[in-house]
Asker: 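Before anything else, here's the structure in question.
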Amino acid sequence: MVDFVQSRTPKGAVQDATSDSDEDSTGRNDGMTAEEIRKAPWNRLRTLSNSSADDIGDDAKHNATKSPVDPEFAEVNPSHTDTGIGDDFVAEDLPAFVQTNPPEVLNAFVEELPALDDTEPPVASVHEPVQGLLRHQASTTIKLKSLLDRWEEPVNKLDKEQDPTIHEILQFRKALSFLDDSHPFGLSFGPAFTRETCIKSSKSLYKRLLGFNPDSPVLHFDVIGVLAYDAEGNFDEQKAKGLVRLFRPDKFDEVSLLAFVQSCDGVYKKLRYLRASVGNSTLIDHVLENIFNSVYFFFLGLVILSILHMSPWTLLMSLSTVMVSFAFALGPSAAKLIEGMMMIAIRRPFDLGDRISIGDAGDKPGEEDPGYRDTWIVEDCNLFTTTLRLTRTNELSSVNNGSLANCKIVNHGRSLNACVNLVLPMRIEVTHEQVQIVKSAIDQYVRDNPRVWSCLINFRILKVDPNIELIAYGIRVQHVKSWQDMLPILQARGDLQKFCTEIMMKLGIHFNNPAIVNDVFIKQFPLQISPEEVFAQPDQELND
């Protein structure tokens, strides 16, 4: 990997990116140090890696032509400041600007925005792709999108890719041969035939990559980011976003040793699971092939006997009575067997190593996350049975595939980007400003932990109860991992819940459930005990 980094690094790419960022940010980052300015581009790329392709394309065009609310654009178009916004207005001020100004000011602001065309941008030059493409702080597109409802593009089946060609199939088969290699990640990475050797090789590689920035004890993502350039120095945006999603740099665009090893270890586990799944699918395909071959040769034999004028129908008619008896006896079992085989061969609801939950089709999910708490790990699978391991007790069980065919199977491994829901109980006298402080603190917490959380999806009121002076807010946060890694997600959920509780307690708005006082009326005392004796006893004796 080190050799590959050296071969793919354009001449002065990292230094040019740093200098360009410093030069271009002098007018809008007065409160930032040179180190923070240098680390900004990949932080923006991490944010854009979670956006859709259309939004990224719009942001790229918008950033290339400069946003109308950008200070540099305001210098070219002084009339923009007539709305009283000021030259130091940036996109981060947009939510507050929208909330604090009346509709007349907002309409005047929108009317004064000049139309953008495809002419030359009002800047001297467009910097290298990381900065010119991903400088979304000067763009209002992402900020406006954050104020809209969350929505995802529906899947159009007509846009499905075409069937693979023979060349692509041969390439895939050649790639599968590297799964059994002792160096699946290349010679520069080192041996990775076991998990221990993969950890040692990733640790050694991290130390070698530190040689590219010897002044820092932590690896900066710029060193890994040069892999997004090809041999000719062209920047590949998709590869850059893939690197960001893989290594997940922190808010300072740095990758620690633990984070680097965790990323490599995650890829190694996916590689091993892929190898096991391919091997298991190969065995299932062989069994299916033998079944179809048996049926094919049976009918072929009947045709050959008919051609040779050796009619087999007499023998079949004599066996029809026995066959009908077996059909009544084994009919339901055969139907379940075929149904289970079709589920594994056609539906393929899970792979080896997947975390799944099983329930009836009408079962409703629980109120806590995840909706189905009892999970199983798929240990083995064939056409007839599936071996499952209960994660809570590590117990193994074998299930007939026919009994699973009509069940609801929740595949947590395929449920990407787990969503976590929290309820924040507050006192009913909480002000709007205090609620906004809590929301901003949660949003900042999510941005400060990019290796854990992806984004804050919504923040809304769930319940208002004036009787007990309660107002409950609900938040939904998206995790970077799937529910396959349930334990880290639950741990992160607990940390976020603790953080929110601490913020509310500091603001004095946390709701404390009041003690419930019940008045007990004794209708009649037992004959052996008089009221005077009861009230004359000390409290300690009564408690005993």
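Counting begins at 1 with the first residue of the sequence. Keep in mind that what you see is a predicted model, and the values were worked out from it rather than measured.
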Asker: Asp363: what forms a salt bridge (charged side-chain N to carboxylate O under 4.0 Å, His left out) with it, not counting sequence neighbours?
Answerer: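 By the salt bridge (charged side-chain N to carboxylate O under 4.0 Å, His left out) rule, Asp363 matches no residue at all.
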Asker: For a quick test of reading the model, state the closest non-hydrogen atom pair linking Leu352 to Ser277 and the distance between them.
Answerer: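 Closest approach of Leu352 to Ser277: N-OG, 3.9 Å.
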Asker: Using a strict 4.0 Å threshold on nitrogen-to-oxygen distance, state whether Arg348 and Asp285 make a salt bridge.
Answerer: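 Looking at Asp285 together with Arg348, the answer is yes, because their closest N to O distance falls below 4.0 Å.
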Asker: Do Leu388 and Val378 touch side chain to side chain, with heavy atoms closer than 4.5 Å?
Answerer: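 They are in side-chain contact.
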Asker: Heavy atoms, side chains only, cut-off 4.5 Å: are Leu462 and Tyr473 in contact?
Answerer: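 Answer no - side chains too far apart.
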Asker: Between Asp443 and Lys439, is there a side-chain N and carboxylate O pair less than 4.0 Å apart?
Answerer: no
Asker: Mind checking ring-ring contact (aromatic ring centres under 6.0 Å, His included) for Tyr206 and listing every partner two or more places apart, or none if nothing turns up?
Answerer: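 With sequence neighbours excluded, Tyr206 shows a ring-ring contact (aromatic ring centres under 6.0 Å, His included) to Phe260, given in chain and number order.
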Asker: Under a 3.5 Å distance rule, please check whether Asp181 uses its side chain to pair with a backbone N or O of Ser177 as donor and acceptor.
Answerer: no
Asker: Quick check: closest heavy atoms across Lys251 and Pro450, and the distance to 0.1 Å?
Answerer: N-CG, 4.0 Å
Asker: Give the minimum heavy-atom separation between His479 and Trp453, together with the two atoms involved.
Answerer: CD2-CZ3, 3.7 Å
Asker: Determine whether Leu496 and Leu422 make a side-chain contact, defined as any pair of heavy atoms from C-beta on separated by less than 4.5 Å.
Answerer: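 A side-chain contact exists here, since the closest heavy-atom pair is under 4.5 Å.
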Asker: Counting only heavy atoms not in Glu367 (residues, nucleotides, ligands), do more than 12 fall under 6.0 Å from its CD?
Answerer: no
Asker: Which pair of heavy atoms, one from Ile509 and one from Val438, lies closest together, and at what distance?
Answerer: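 Between these two residues, the closest heavy atoms are CD1-CG2, 3.9 Å.
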Asker: Would you name the heavy atoms of Leu243 and Ala228 that are closest together and state the gap between them?
Answerer: CD1-N, 4.1 Å
Asker: Could you report the tightest heavy-atom contact between Ile457 and Cys419, atom names first, then the distance?
Answerer: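 In this case the closest contact between Ile457 and Cys419 is CD1-SG, 3.6 Å.
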Asker: Side chains of Gln484 and Ser482 only: does a donor on one sit below 3.5 Å from an acceptor on the other?
Answerer: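 Note: Gln484 and Ser482 side chains miss the donor-acceptor criterion.
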Asker: Do the side chains of Trp376 and Ser397 get nearer than 4.5 Å, heavy atoms only?
Answerer: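 They are in side-chain contact.
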Asker: Flag the pair Val435 / Val430 as yes when at least one side-chain heavy-atom distance between them is below 4.5 Å, and no otherwise.
Answerer: yes
Asker: Check whether any side-chain heavy atom of Val477 sits under 4.5 Å from a side-chain heavy atom of Cys455, and report yes or no.
Answerer: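 No, every pair of side-chain atoms sits at 4.5 Å or beyond.
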Asker: Check this for me: does any side-chain nitrogen of one of Asp485 and Arg355 sit under 4.0 Å from a carboxylate oxygen of the other?
Answerer: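 A salt bridge is absent here (no side-chain N lies under 4.0 Å from a carboxylate O).
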Asker: Check whether the side chains of Asn401 and Thr386 place a donor and an acceptor atom closer than 3.5 Å, and report yes or no.
Answerer: yes
Asker: Check step by step if side-chain contact (heavy atoms from CB on, under 4.5 Å) holds for Thr375 and Ile356.
Answerer: CA-CA 5 Å; Thr375 59; Ile356 64 173; over 6 Å; no
Asker: When you look at Lys408 and Asp360, which way does the salt bridge (charged side-chain N to carboxylate O under 4.0 Å, His left out) test go after all the steps?
Answerer: CA-CA 5 Å; Lys408 178 193 295 184; Asp360 295 334; over 6 Å; no
Asker: Looking only at side-chain N and O atoms, does Ser201 offer a donor or acceptor that is under 3.5 Å from a partner on Ser204?
Answerer: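 Side chains of Ser204 and Ser201: no pair found under 3.5 Å.
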Asker: Answer yes when Asp250 and Arg451 have at least one side-chain N-carboxylate O distance shorter than 4.0 Å, and no when they do not.
Answerer: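 Arg451 and Asp250: not salt-bridged.
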Asker: Would you indicate whether the side-chain heavy atoms of Glu168 and Thr165 approach each other to under 4.5 Å?
Answerer: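 Answer yes - side chains close enough.
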Asker: Does this structure show an ion pair linking Arg275 with Asp180, if we count only N-O contacts that are shorter than 4.0 Å?
Answerer: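 Counted as a salt bridge, because a side-chain N and a carboxylate O are separated by less than 4.0 Å.
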Asker: Can you find a side-chain donor-acceptor pair between His412 and Ser357 that sits under 3.5 Å?
Answerer: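 Present: a donor and an acceptor within the cut-off.
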Asker: Mind checking whether Pro184 and Leu271 have side chains closer than 4.5 Å, heavy atoms only?
Answerer: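 Counting from C-beta outward, Pro184 and Leu271 do come under 4.5 Å.
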Asker: Should we say atom OH of Tyr445 is surrounded by more than 12 heavy atoms from elsewhere, each under 6.0 Å from it?
Answerer: yes
